[in-house]
Every structure is written in C-alpha cells, then in structure tokens.
Number of protein chains: 2
Amino acid sequence: MAFTERSAATRTAILSAARKLLIERGYEAMTIRAVASLVGVDPSMVMRYYGSKAGLFSAAVDVDLRLAEVDRPPADRLGELLVRHFLARWEGELSDDVLIMLLRSASTNPMAAERMREVFETQIAAFVARLTGADDAAYRAGLVSTQLLGLALTRYVLRFPPMADADVETLVRDLGPAVQHYLTGGDRT
Amino acid sequence: MAFTERSAATRTAILSAARKLLIERGYEAMTIRAVASLVGVDPSMVMRYYGSKAGLFSAAVDVDLRLAEVDRPPADRLGELLVRHFLARWEGELSDDVLIMLLRSASTNPMAAERMREVFETQIAAFVARLTGADDAAYRAGLVSTQLLGLALTRYVLRFPPMADADVETLVRDLGPAVQHYLTGGDRT
DNA sequence: GTGATATTCCTACGCCTGTTGGCCTACACT
DNA sequence: AGTGTAGGCCAACAGGCGTAGGAATATCAC
C-alpha cells in the first residue's frame with residue numbers, strides 16, 4: 001500500500017496529465033482513461049495511486065494564488081499590481097496556475113465550485129482583509145473577483161478576440177483602476 | 001418528416017426541459033435521456049424532433065440580450081443602466097435569459113463557446129459601437145464583458161457568498177461606475 | 001539466490017451515453 | 001369509411017465511463 005520512490009515519476013506524470021486535461025477541457029473531460037493514455041500507462045495505475053477520479057481531482061487541484069508575493073505594495077497601486085500578478089501567473093509557458101482549470105470545471109462540477117469558494121475565502125478575501133483592513137473586506141474581495149475571474153473567463157476560456165489579443169500592459173492600465181477602486185474606493189456599506 | 005401542430009406541445013416541452021438542464025448543470029448534463037424523462041416521453045422523441053443532441057442544443061440556445069430595450073440612455077448613466085438591465089434579465093422567477101446556460105456550457109463545450117463569441121460580437125460589441133460610436137468599441141465591449149460575465153459567474157454559477165447575497169441596488173451602485181468608465185472613460189488606444 | 005513487495009497490465013463488470021429502426025396507435029383528409 | 005401519415009414507445013446497438021480483482025513482472029533486502 002505504501003508507495004516508494006520508484007513510482008514517483010509515474011505518479012507525478014499522472015498528476016500533470018490530469019492538470020493538462022483539466023485546464024484544457026474541464027472535469028468531465030478528464031477521464032481516468034484519457035489521463036492514463038496520455039501518460040502511457042494503464043488506467044488502473046491511476047486508480048492505484050489516487051484511489052478514484054475525485055481523489056485525482058483533489059490531488060491535482062491545490063491552488064496557491066501566491067498572493068503573499070504581492071507584499072507591502074503602495075496602497076494606491078494595489079489594483080494595478082493585482083491585475084499584473086494574475087496575468088503573470090496565467091501567461092506564458094511557465095504558467096502553472098490552476099485557477100483556470102478550476103474555472104473550467106466549476107461551471108459543471110459541484111466539487112470544483114466548492115473548492116473555488118474555498119480559494120476565494122481563504123486567499124482572496126483574506127488577502128483583501130489583510131491589506132485594506134476594511135470591515136467590508138469580503139464584499140470588496142467579491143467585487144475584485146468578478147473583475148479578475150471575468151478577465152480569466154473572457155481571455156482564456158471563451159477567448160473573446162479583443163480580450164485574448166490584448167497585451168498585458170494594456171489590460172493592466174485599463175483594469176487596474178477598476179480593481180483599485182473596488183479595493184479602496186468610496187463607501188461600500 | 002414535417003411536424004404538425006399536434007406535436008407542438010411536446011416539442012416546446014422538450015425545449016424548455018433542455019433549457020432547464022442547461023441552466024442548472026451545463027451541456028454534458030443535458031443528456032437526451034434526462035430531457036426526455038423530464039418531459040415524460042421517450043428519448044427517441046427528442047431525436048425525432050431535434051435530430052441530435054447538438055441540434056437540440058442549437059434550438060435551445062437562441063440568445064437575445066434585448067439590449068434594444070436599453071435605448072436612448074443618458075450617456076453618463078449607461079454603465080448603471082447596463083448593470084441593472086442584465087441583473088433584471090437574470091433575476092427572479094421570470095428570468096428567461098440563456099446567457100447563464102451558455103456560460104455553464106461554454107467552459108467545456110466548444111460549440112457553446114463559439115456561440116458565446118457570436119453573442120459578444122453581434123450583440124454586445126454592436127451595442128457598444130452603436131451607442132458610443134468609439135472606434136475602439138470592440139475592445140471597450142470586451143472590457144464591459146469581463147465585468148458583466150464576471151458578475152454572472154460569481155453570483156449565479158460559483159455563488160460566492162458576498163456576490164450571491166448582495167442586493168441589486170448595491171451591485172448597480174458599485175459596478176455601474178466601472179462599466180461606465182469602460183464605455184466612455186479616457187483613452188483606450 | 002530466494003522471498004517479499006511494489007509496479008504494472010489485462011480482463012471484466014455494470015452503468016450511462018447518443019443514436020437507430022421497427023412497431024403499434026390515433027388522428028386527418030378524401 | 002378507409003387510407004396515409006405523424007406521434008409515440010420499445011428494444012437494441014456500439015461505445016465510453018469509473019472501478020475491481022487477479023496475474024505477471026520487476027525491483028529490492030537479505
């Protein structure tokens with residue numbers, strides 16, 4: 001029952017194949033058989049190492065938005081920095097963020113939606129509370145999430161041409177102020 | 001091959017059952033058998049009237065955002081009116097909008113994503129172009145879409161508590177200005 | 001070298017899927 | 001009144017799904 005170092009390669013290969021499918025097509029399309037065939041092993045290996053499809057999903061989805069990296073920011077440039085941070089996490093070859101794969105899965109899968117809510121509470125809302133100290137931090141975090149998830153949705157999932165083609169600096173310039181205003185602007189009560 | 005008035009009731013019942021499942025669970029969950037059982041007829045009836053699952057989907061999804069109803073608005077209250085319009089379309093018992101069901105399906109189904117892009121181009125982008133006359137109307141429409149779809153996503157699909165619980169007027173007050181700014185604010189080139 | 005254990009593959013089960021074709025039934029037109 | 005046709009159900013197909021159990025193979029400890 002205990003797994004050794006010998007199978008580590010297979011286990012991580014299964015995990016990254018699962019992530020690949022989740023990011024590209026969502027939970028339903030991440031079939032045990034598809035994952036196994038991508039790795040080049042038998043489907044029963046996936047069951048052996050991750051127990052079930054739900055277990056594999058749980059293992060594949062450990063989201064860390066790395067908001068701690070956005071530390072000690074000037075209060076008036078927080079919106080801009082946040083937009084830039086998320087775009088940097090999603091963009092390019094080294095993008096390893098799983099928020100988009102959660103996004104793809106959460107529309108149809110309750111487990112993924114629940115995980116998404118956890119990420120919101122423990123990372124986004126907590127971050128906003130920590131940085132702004134506002135007592136309506138959760139609602140402000142919600143507003144910020146509408147904007148950032150809306151960006152991820154239109155740019156990476158739906159691929160609306162204007163959003164998919166826009167360059168990072170343009171988006172930072174145009175979306176930053178809105179996010180900034182959600183964080184620190186006016187009264188929200 | 002031609003269908004008569006006699007079967008009209010069945011055909012529309014099938015269509016609304018399909019819409020119900022699409023809104024609640026997305027494309028994959030809208031199985032031919034589930035639709036048929038919801039109506040109380042045989043699955044082969046669905047095939048008979050709509051040819052295939054894709055055909056049923058196409059018939060079920062004819063999106064009209066009814067943006068024409070937002071007519072002759074004061075230019076400086078456009079953002080607010082737009083947010084209010086979409087919330088009104090989605091809210092309450094008489095909500096018949098299919099944008100959310102497209103949203104639920106588009107994350108995993110390419111056909112739904114394509115349809116979503118069509119709706120964006122022919123309705124949202126066209127609306128923005130018509131009202132603002134801006135030459136960067138498509139990009140401005142994209143920005144607006146990030147915000148409005150982000151709202152729909154967090155409020156109805158992911159159900160983030162702060163967004164799901166917020167009342168309409170609060171959302172209009174807080175999101176309206178951002179949308180307004182995307183539409184008419186500053187330089188976007 | 002031998003025994004134990006982890007890794008891997010093969011086969012199969014039961015269920016669900018979209019889709020097809022045949023068979024009655026009941027309406028509608030002449 | 002009789003006939004054509006549309007409405008409807010039943011049974012079945014081929015394929016995919018998650019999952020289970022067992023047999024074969026490879027690696028390690030002694």
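Note on naming: letters A, B, ... go to the chains in the order of the sequence lines (proteins, then strands), and numbering restarts at 1 for each one. Keep in mind that the numbers below use all heavy atoms, side chains included, and drop hydrogens, waters and symmetry copies.
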Which part of the nucleic acid, if any, lies within contact of B/Tyr50, taking any heavy atom under 4.0 Å across all strands shown: a base, the sugar-phosphate backbone alone, or nothing?
nothing
Under 3.5 Å, is there a donor-acceptor pair between the A/Glu28 and B/Thr108 side chains?
no
Among C/dT7, D/dC9, D/dG7, which nucleotide has an atom closest to any side-chain atom of B/Ser7?
D/dG7
In whole Å, I'd like the distance from the CD1 atom of B/Ile14 to the C1' atom of D/dG8.
11 Å
D/dG8 OP1/OP2 closer than 4.0 Å to side-chain N/O of B/Thr10:
yes
Whole angstrom value for the distance that separates C1' of C/dC16 from CZ of B/Arg25:
13 Å
When the distance from CE of B/Met45 to P of C/dT25 is rounded to whole Å, what number comes out?
16 Å
For a quick test of reading the model: is some side-chain N or O of B/Arg48 closer than 4.0 Å to OP1 or OP2 of D/dG7?
yes
In terms of ring plane angle, is the pair A/Phe120 and B/Phe160 parallel, tilted or perpendicular, where the classes change at 30° and 60°?
parallel
Before you tell me yes or no, could you show the steps for B/Leu131 and B/Leu78 under side-chain contact (heavy atoms from CB on, under 4.5 Å), namely the whole-Å CA-CA distance, both residues' side-chain angles and the distance that decides it to 0.1 Å?
CA-CA 9 Å; B/Leu131 257 72; B/Leu78 197 43; 3.5 Å; yes
Short side-chain N/O contact from A/Arg6 to OP1 or OP2 of D/dC28, under 4.0 Å
no
Classify the side-chain pair B/Tyr139/A/Asp165 by whether it contains a donor and acceptor separated by less than 3.5 Å.
no
Just to confirm, is there a sub-4.0 Å distance from OP1 or OP2 of D/dG8 to any side-chain nitrogen or oxygen of B/Tyr49?
yes
Contact under 4.0 Å: B/Thr4 side-chain N or O vs C/dC27 OP1/OP2
no
What pairs with B/Ser7 under side chain to side chain donor-acceptor pair (under 3.5 Å), at least two apart in sequence or on another chain?
B/Arg11
Qualifying ring-ring contact (aromatic ring centres under 6.0 Å, His included) pairs with a residue from residues 8-27 of chain A, counting only residues at least two apart or across chains
A/Tyr27-A/Phe57
The contact string for nucleotides 15-21 of chain D, one letter per nucleotide 5' to 3', using protein heavy atoms under 4.0 Å with B, S and - for base, sugar-phosphate only and none, comes out as --BBBSB
